[in-house]
Colleague: 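If you scroll down you'll find the structure; I have some questions about it.
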Amino acid sequence: MAVSRRAFLEGGIAAFTWSFAAPGFLSDLARAQGASTRSLVVLYLGGGNDSLSMLVPYTDPAYYSRRPTIAVPASTVLQIGSDRAGRSLGLHPRLTGLKGHFDTGRVAIVQRTGYPESSRSHFLGTDIWSTAAPGAPAGPGWLGRYLDALPAPADPLVGWSTSRETPRTLMGDVVGVPAIPSVEGYTFATPSTGADAAAARQAAQRIFSHVPVNRPHLAFVNGTAQAALATLSRVASVAGDRPSLTYPTTGLGQALRAVAGAIATGVGTKVFWVATGGYDTHAAQNPNGANGAYMGLMATLDDGLTAFVSDLANRGLLDQTLVVQFSEFGRRIAENGSQGTDHGAASTMLLVGGRVRGGLYGTAARLDAAPDNPGLENNGGDLRFETDFRSVYATVIERWLGADSVRLLGGDFRAPGLDVL
């Protein structure tokens with residue numbers, strides 16, 4: 001009798017807090033069955049990223065007239081060419097590392113990604129991007145549905161959240177994803193030390209090795225605990241990995257170092273989750289000052305992501321790795337009275353990896369607030385989306401994960417022109 005995560009919870013044993021997974025004795029079999037060596041890293045910029053400070057339309061006079069104090073000067077942007085509409089664009093001046101990877105064709109920038117009638121709410125917006133269901137953002141996440149569809153039994157480390165909680169994006173009905181914010185901290189918890197701690201772990205392994213076929217709920221608990229114990233040594237092996245360069249000591253930098261270590265040591269994870277916050281820049285956004293808030297965000301992003309990409313490239317692992325970055329919405333075009341920006345609509349997504357077809361995708365909108373400007377909405381206050389974010393998801397699902405995007409997304413969002421992979 002199969003016991004799903006939902007059935008288990010409905011059975012009244014909700015106090016059990018370990019992740020849900022297949023029994024440990026089946027985990028090695030799952031890995032041996034093969035799992036693809038490709039890894040997907042989802043990078044979330046929490047708070048609503050201001051895409052107009054990240055990707056600057058430095059030749060549009062409306063950009064400067066509508067942002068009199070926080071616009072990024074044209075003289076400082078890192079020019080990366082023009083999009084298909086002929087509009088010149090440049091990266092924020094602190095994204096020097098990312099610029100270098102863009103120049104080598106490893107970075108694709110998809111402009112004006114979003115969906116109709118953006119919620120402009122952090123919670124609802126995050127739910128929408130997590131479930132890929134703007135009309136009804138409930139139920140499992142889009143990658144949780146992908147993991148549920150993998151052949152059973154699923155490897156207990158098939159997904160990995162580097163945050164303290166498993167995000168909704170990775171939540172499914174059957175397969176559970178562990179939250180492992182610290183490789184060193186992912187150990188068997190016991191008040192004992194030394195030989196007593198080892199004895200306690202062995203005792204737990206013996207207890208959970210009993211999987212009674214006539215008591216399915218107890219079998220599920222024991223099997224799940226057994227699987228969790230089986231992951232300890234694999235995660236511990238990541239701590240022993242030595243990167244090819246020094247990662248920044250930021251939370252993002254250390255999370256990406258752990259991901260690189262997991263990829264290098266081959267623990268079998270298909271999907272990683274990495275998040276960094278602070279993008280809700282309502283006041284004192286200051287993208288230009290050395291100690292400015294947005295300058296700091298770009299520094300953290302650039303240093304961490306550049307180290308990650310360079311490390312994987314040095315070790316010959318970049319071709320099997322894809323990073324997909326998103327944020328729950330973009331920000332308004334005009335600055336507010338606090339020299340910041342408020343919640344807006346369309347934003348920018350990045351795809352980074354050795355097999356990415358780099359370049360600029362989509363078009364930048366004119367930023368003049370004319371009523372007939374087709375690139376804007378909300379009385380000219382916000383960027384109107386041009387590429388449905390589910391089209392990017394569909395490309396990732398089909399061309400990277402090798403799954404059926406129509407089934408996983410509940411519709412056909414494939415866009416042939418979005419040739420980023």
Side-chain angles (χ1 to χ4, degrees), residues 2 4-6 30 33-44 108 110-119 124-155 158-159 166-177 269-273 320-329 346-353 355-357 361-362 384-421:
S4 71
R5 172 182 180 176
R6 178 168 295 168
Q33 284 174 346
S36 164
T37 56
R38 286 186 170 185
S39 299
L40 172 64
V41 183
V42 179
L43 173 57
Y44 168 51
V110 186
Q111 305 180 76
R112 293 167 58 198
T113 49
Y115 55 92
E117 300 179 2
S118 176
S119 75
L124 182 56
T126 302
D127 280 346
I128 288 171
W129 281 79
S130 298
T131 60
W142 68 283
L143 284 172
R145 298 195 292 271
Y146 161 72
L147 296 176
D148 280 349
L150 294 174
D155 187 305
V158 69
T166 300
R168 189 167 189 173
T169 299
L170 298 184
M171 287 185 176
D173 280 333
V174 178
V175 175
V177 171
T269 301
K270 286 178 174 288
V271 181
F272 295 91
W273 170 268
Q320 68 186 62
T321 308
L322 172 65
V323 179
V324 177
Q325 172 268 311
F326 80 100
S327 192
E328 66 264 39
F329 47 67
S347 189
T348 292
M349 296 180 72
L350 304 179
L351 294 96
V352 186
R355 294 188 180 276
V356 167
R357 291 189 175 95
Y361 292 82
R384 185 188 302 279
F385 86 99
E386 181 182 51
T387 299
D388 192 310
F389 73 99
R390 291 167 293 184
S391 297
V392 181
Y393 286 1
T395 299
V396 172
I397 291 170
E398 299 255 341
R399 301 184 189 179
W400 189 256
L401 298 176
D404 182 348
S405 70
V406 176
R407 184 167 60 88
L408 290 179
L409 298 178
D412 190 352
F413 297 99
R414 292 171 293 186
L418 194 60
D419 200 23
V420 293
L421 291 170

Colleague: Can you tell me how far CD of Gln325 sits from OG of Ser347, rounded to the nearest 0.5 angstrom?
Modeller: 7.0 Å
Colleague: For Thr166 and Val177, indicate whether the former's side chain and the latter's backbone hold a donor-acceptor pair under 3.5 Å.
Modeller: yes
Colleague: Quick one: does Trp273's side chain get under 4.5 Å of Leu143's, heavy atoms only?
Modeller: no
Colleague: Would you say that Ser39 contacts Phe272 through its side chain, given a criterion of any heavy-atom pair below 4.5 Å between the two side chains?
Modeller: yes
Colleague: What's the shortest heavy-atom distance between Gly135 and Pro137, and which atoms?
Modeller: C-CD, 3.9 Å
Colleague: Heavy-atom distance under 4.5 Å between the side chains of Lys270 and Leu150, does that happen here?
Modeller: yes
Colleague: Roughly how far apart are Leu322 CG and Arg355 CZ, rounded to 0.5 Å?
Modeller: 11.5 Å
Colleague: Can you find a pair of side-chain heavy atoms, one from Phe389 and one from Phe413, that are under 4.5 Å apart?
Modeller: no
Colleague: What are the two closest non-hydrogen atoms of Thr126 and Ser130, and how far apart are they?
Modeller: O-OG, 2.6 Å
Colleague: Can you tell me if Asp148 uses its side chain to pair, donor with acceptor, with the backbone of Val175 under 3.5 Å?
Modeller: yes
Colleague: Quick check: do Thr169 and Tyr44 have side-chain heavy atoms less than 4.5 Å from each other?
Modeller: no
Colleague: With a 4.5 Å heavy-atom cut-off, do Asp127 and Arg168 have their side chains touching?
Modeller: yes
Colleague: Is Arg38 reaching over with its side chain to a backbone N or O of Gln320, donor-acceptor style, under 3.5 angstrom?
Modeller: no
Colleague: Between the main-chain N or O of Val406 and the side-chain N or O of Asp412, is there a donor-acceptor pair closer than 3.5 Å?
Modeller: no
Colleague: To the nearest 0.5 Å, tell me how far Ser405 OG sits from Arg390 CZ.
Modeller: 11.5 Å
Colleague: Do Val392 and Val420 touch side chain to side chain, with heavy atoms closer than 4.5 Å?
Modeller: no
Colleague: Please answer whether the main-chain N or O of Arg112 pairs with a side-chain N or O of Glu386 as donor and acceptor at a distance below 3.5 Å.
Modeller: no
Colleague: For Ile128 and Ser119, work out which heavy atoms get closest and say how close.
Modeller: CD1-CB, 4.4 Å
Colleague: For Thr131 and Arg145, work out which heavy atoms get closest and say how close.
Modeller: O-NH2, 2.9 Å
Colleague: Just verifying a value: how many Å separate Leu170 CG and Trp142 CH2, rounded to the nearest 0.5 Å?
Modeller: 9.0 Å
Colleague: Out of curiosity, Met171 CE to Leu147 CG, how far, rounded to the nearest 0.5 Å?
Modeller: 12.5 Å
Colleague: Measure the acute angle between the ring planes of Trp129 and Tyr393, then classify it against the limits of 30° and 60° as parallel, tilted or perpendicular.
Modeller: perpendicular
Colleague: Which atoms form the tightest heavy-atom contact between Ala108 and Tyr361, and what is the distance?
Modeller: CB-CE1, 3.7 Å
Colleague: To the closest 0.5 Å, what do you measure between CG (Leu418) and CG (Leu351)?
Modeller: 8.0 Å
Colleague: Would you name the heavy atoms of Gly172 and Pro140 that are closest together and state the gap between them?
Modeller: CA-CB, 3.9 Å
Colleague: Would you check if Glu398 and Asp404 make a side-chain contact, meaning some heavy-atom pair closer than 4.5 Å?
Modeller: yes
Colleague: Testing Thr321, Val324, Thr269, Val323 one by one against Leu40 for a side chain to side chain contact (heavy atoms under 4.5 Å, CB included), which residue passes?
Modeller: Val324
